[in-house]
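Bear in mind the structure is a predicted one, so any value in this text is a computation, not a measurement. Numbered from 1 within each chain, the chains take letters A, B, ... in sequence-line order.
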Number of protein chains: 2
Amino acid sequence: MNAGQNDERNVQILLNKEIQPTAMRLLTLEYLLEQQAAVSLADIELHFHKADRITLYRTLKTFEQKGVIHSIQEQQVTKYLLCDESCATGIHHDDHLHFFCTKCRNTTCLHQVDLSVMSLPPGFSVVQWHFSASGICDRCAGTMQ
Amino acid sequence: MNAGQNDERNVQILLNKEIQPTAMRLLTLEYLLEQQAAVSLADIELHFHKADRITLYRTLKTFEQKGVIHSIQEQQVTKYLLCDESCATGIHHDDHLHFFCTKCRNTTCLHQVDLSVMSLPPGFSVVQWHFSASGICDRCAGTMQ
DNA sequence: AGGTAAAATGCAACCGGGTTGCAGGGCAGA
DNA sequence: TCTGCCCTGCAACCCGGTTGCATTTTACCT
């Protein structure tokens, strides 16, 4: 693990998406890369207690718009997750299931669930899917207290 | 169509769900019964321009809790729809697809889409599903301008 | 290196939906 | 008729999202 190398890699990630790699953005990206679950603006704000809420907000907006992260609605709050490689400016492929665990309150992506079987009645054309489920995740199920 | 009969029927609907049939609640129920699409608190408020926002809010909360309606999140705002017969206090069966048309901005339920094919990885247990899609609905597709 | 323009940041403030507390009013039951 | 409970309406608050504007940083050009 070499911090300098990670920085270098993260700079490249941003440049590939046409985002200027500023300090704030690199820190935010680094944080997002560490996350296993979706995080809200408030979560990030709490983590970087010195950072400005609005800057973070705009950073996330930029990331989302450029295809670095995608957002989901989780009971009134917006949460963010890293995108797949295939996402780009204005183009998202977020058609996978988001699972919200009511116990640990984490939201994770379940790419392995096959949603291709979904078909709509004639006349409807879908631009975007939003799939989510809530319940108990595998980790919490394993650790009954 | 007999207004008195409808009233009587609506009173019964509420009583069956253990809700006191007050004037406000009957009006709200009547309005909800007329809707083809999900409505927000603001929508209802606009329709009953004399009504109090908070009372409406609490009426909807009561309806939801008692299994008359269910709520969905539609880009930051909560919208409400009538439940199936099978819903009761604290028990909802809303596992059908909600389709949001980006043109007419209406949200409708698509019960005909089969979601039973969905299966999760082992370890996950689902309490509630939330399926939605956005795009162009059949009615708007038919009326290209 | 210095100057300039554009982009990013930080602060203040606003907005709108959701939510709660409390006082008044109406209705049902004693 | 009296009493208590539930519904209603008003005020106010909270919190996430969002915008405007002034300041700072960065990139670029000479």
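Against DNA chain C, the stretch residues 20-28 of chain B makes no heavy-atom approach under 4.0 Å.
Relative to the side chain of A:Y57, the nucleotides D:dT18, C:dC11, D:dG9 differ in distance, and D:dT18 lies closest.
A:T78 comes within contact range of the sugar-phosphate backbone alone, with a heavy-atom separation under 4.0 Å but no base atom that close.
Where B:Q76 and B:T55 meet DNA chain D, the nucleotide closest to each residue was compared, and B:T55 sits on the side nearer the 5' end.
In this structure, the NZ atom of B:K50 is 9 Å from the P atom of D:dG9, given to the nearest Å. Summarising the geometry, the separation between CG on B:L60 and P on C:dT19 is reported as 11 Å, rounded to the nearest angstrom. Regarding B:Q75, its CD atom lies at a distance of 11 Å from the P atom of D:dT18, rounded to whole Å. Distance A:Q65 CD to C:dA8 P: 11 Å, rounded to the nearest Å.
A sub-4.0 Å separation between OP1 or OP2 of D:dG17 and a side-chain N or O of A:K61 is absent.
Within the 4.5 Å cutoff, the side chain of B:V39 has heavy atoms near those of the B:L32 side chain.
For A:H96 against A:L110, the heavy-atom pair with the smallest separation is CB-O, 4.3 Å. Shown here for A:L41 and A:Y57, the closest heavy-atom pair between the two residues is CD1-N, 3.8 Å.
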Which atom pairs, donor and acceptor, lie under 3.5 Å between side-chain atoms of residues 16-23 of chain A and protein residues at least two apart or in another chain?
from, atom 1, to, atom 2, distance (Å)
A:N16, ND2, A:Q12, O, 3.3
A:K17, NZ, A:G67, O, 3.4
A:K17, NZ, A:C87, O, 2.5
A:T22, OG1, A:R25, N, 3.4

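Checked by distance alone, A:R58 brings a side-chain donor or acceptor within 3.5 Å of a matching partner on the base of C:dG10.
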